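Numbering starts at 1 and runs along the sequence shown. Predicted model, so just to flag it, every value in this text is computed and none were measured.
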Amino acid sequence: MWRGNIQENILYEDSQILVCHKPAGLAVQNAKMGSMDMESALKNYLAAKSGGKNAPWLGVLHRLDQPVEGVIVFAKTSAAAANINRQMTTDGIGKIYLAVTDRKVMDKEKKLIDYLYRDGRKNMSFATEKKTPGAKKAVLSYKLLEEISDNRTVSGYRSLVRIQLETGRHHQIRVQMSHTGLPLIGDRKYNPKDSSGLPLGLCSCCLGFLHPETGKKMDFYVTPQGQAFSGFCIPQSV
């Protein structure tokens, strides 16, 4: 159970938005009974900040899987939520991830186009044929940044890749990278042969959008903290 101080994870705050570095292992919303999630922690923080005078309003605009760390933005007003949601539906939000695969990367740069079907009962998605009912197009591009030896992995390597999303599907990066033969290290769902013992190597490291009130371009970057990223020369910007 996460017991950190949510204030330490706030990257930016004003009257319209809250931008945070979500820790790996902390759910964004609706955690299991007895566990904290980001939405609840931030509402507690806002309530304490106002002296408990008003019940805080907080809009959850997007999510990261519980084992994934990275930048996430929340809205503090309904107008800000509507504005940022419009940006998300018109590709106005820039998302870049850093990921670690336990395989040797042969194609140094590649664009992946798949059709994914979500199985809600298993909470998993699968690459399938375009004609499959319910399948949605998923597009991402990856670029190899660095490769290091690691005798804990099935290939003897850990590879750091930069990933740019063009669509936002359920478990998209994890599914597409596994489908192309580059499963992420520490991924219990989509990389069952992983032998490293490391946590999931995935971080939403960069998020860019226009401020919902001023229109100013906002870019936020975090350096991944997970053990899967140790040993790499992590770029200061991507």
**Study point:** Remaining members of the apolar cluster that contains Val222, side-chain heavy atoms under 4.5 Å
**Key:** Leu11, Tyr12, Ile17, Val19, Leu61, Val71, Val73, Ile84, Met88, Ile93, Leu207, Phe209, Met218, Phe220

Practice item. Taking only Lys NZ, Arg NE, NH1 and NH2, and the carboxylate oxygens of Asp or Glu, determine whether Arg63 and Asp65 approach each other closer than 4.0 Å. Key: no

**Study point:** pair Arg174-Leu200: side-chain heavy atoms closer than 4.5 Å
**Key:** yes

Practice item. Give the C-alpha distance, both sets of side-chain angles, the deciding distance and a yes or no for side-chain hydrogen bond (donor to acceptor under 3.5 Å, both in side chains) between Asn191 and Asp102. Key: CA-CA 9 Å; Asn191 188 11; Asp102 62 2; 2.9 Å; yes

Review point. With hydrophobic residues grouped by side-chain heavy-atom distances under 4.5 Å, do Ile10 and Val28 end up in a single group?
Key: yes

Check your understanding: Would you say the side chain of Leu144 lies within less than 4.5 Å of the side chain of Ser159, judging by non-hydrogen atoms?
Key -> yes

Exercise for review: In plain terms, say whether Arg158 and Glu146 are close enough for a salt bridge, that is, a side-chain N and a carboxylate O under 4.0 Å apart.
Suggested key: no

Exercise for review: For the residue pair Gln176 and Arg169, establish whether any side-chain heavy-atom pair is separated by less than 4.5 Å.
Suggested key: no

Check your understanding: Thinking salt bridges, do Asp187 and Lys189 make one under a 4.0 Å N-O criterion?
Key -> no

Study note, to complete from the structure: Shortest non-hydrogen pair, Asn9 vs Pro23, comes out as ND2-CG, 3.5 Å

Check your understanding: Any chain of hydrophobic side-chain contacts (each under 4.5 Å) joining Ile234 to Leu145?
Key -> yes

Point to revise | Minimum side-chain heavy-atom gap Gln7-Tyr45 below 4.5 Å | key: yes

Review point. If you group Ile, Leu, Val, Met, Phe, Trp and Tyr by side-chain heavy-atom gaps below 4.5 Å, do Phe232 and Tyr221 land in one group?
Key: yes

Review point. Has Lys217 got more than 12 heavy atoms of other residues, nucleotides or ligands less than 6.0 Å from its NZ?
Key: yes

Practice item. With the side chain counted from C-beta on, respond yes when Arg103 and Val154 share a heavy-atom pair under 4.5 Å apart, and no when they do not. Key: yes

**Study point:** Contact check, side chains of Ile163 and Leu98, non-hydrogen atoms, under 4.5 Å
**Key:** no

Check your understanding: Distance-only, no hydrogens or angles: does the Thr167 side chain make a donor-acceptor pair with backbone N or O of Val139 under 3.5 Å?
Key -> yes

**Study point:** Shared hydrophobic cluster, Tyr190 / Leu140 (ILVMFWY, side-chain heavy atoms < 4.5 Å)
**Key:** no

Point to revise | Residues Glu69, Ser204; criterion side-chain hydrogen bond (donor to acceptor under 3.5 Å, both in side chains); working and verdict | key: CA-CA 6 Å; Glu69 67 170 308; Ser204 175; over 6 Å; no

Point to revise | Gln16-His211 side chain donor-acceptor pair, cut-off 3.5 Å | key: no

Review point. Is Leu202 reachable from Leu64 through a run of hydrophobic residues whose side-chain heavy atoms are each under 4.5 Å from the next?
Key: yes

Review point. How far apart are the C-alpha atoms of Asp37 and Ser40, what are their side-chain angles, what is the distance that settles it, and do they pass the side-chain hydrogen bond (donor to acceptor under 3.5 Å, both in side chains) test?
Key: CA-CA 6 Å; Asp37 57 53; Ser40 300; 2.9 Å; yes

Exercise for review: Check whether NZ of the Lys or CZ of the Arg Lys104 lies under 6.0 Å from the centre of the six-membered ring of Tyr157 and within 45 degrees of that ring's axis.
Suggested key: yes

Point to revise | Asp114 and Lys137 ion-paired at < 4.0 Å | key: no

Practice item. Answer with yes or no whether the side chains of His171 and Ser125 bring together a donor and an acceptor at under 3.5 Å. Key: no

Check your understanding: Hey, are Lys49 and Glu13 close enough for a salt bridge, meaning a charged N less than 4.0 Å from a carboxylate O?
Key -> yes

Check your understanding: Above 12 or not: heavy atoms from other molecules or residues under 6.0 Å from CD of Glu147?
Key -> yes

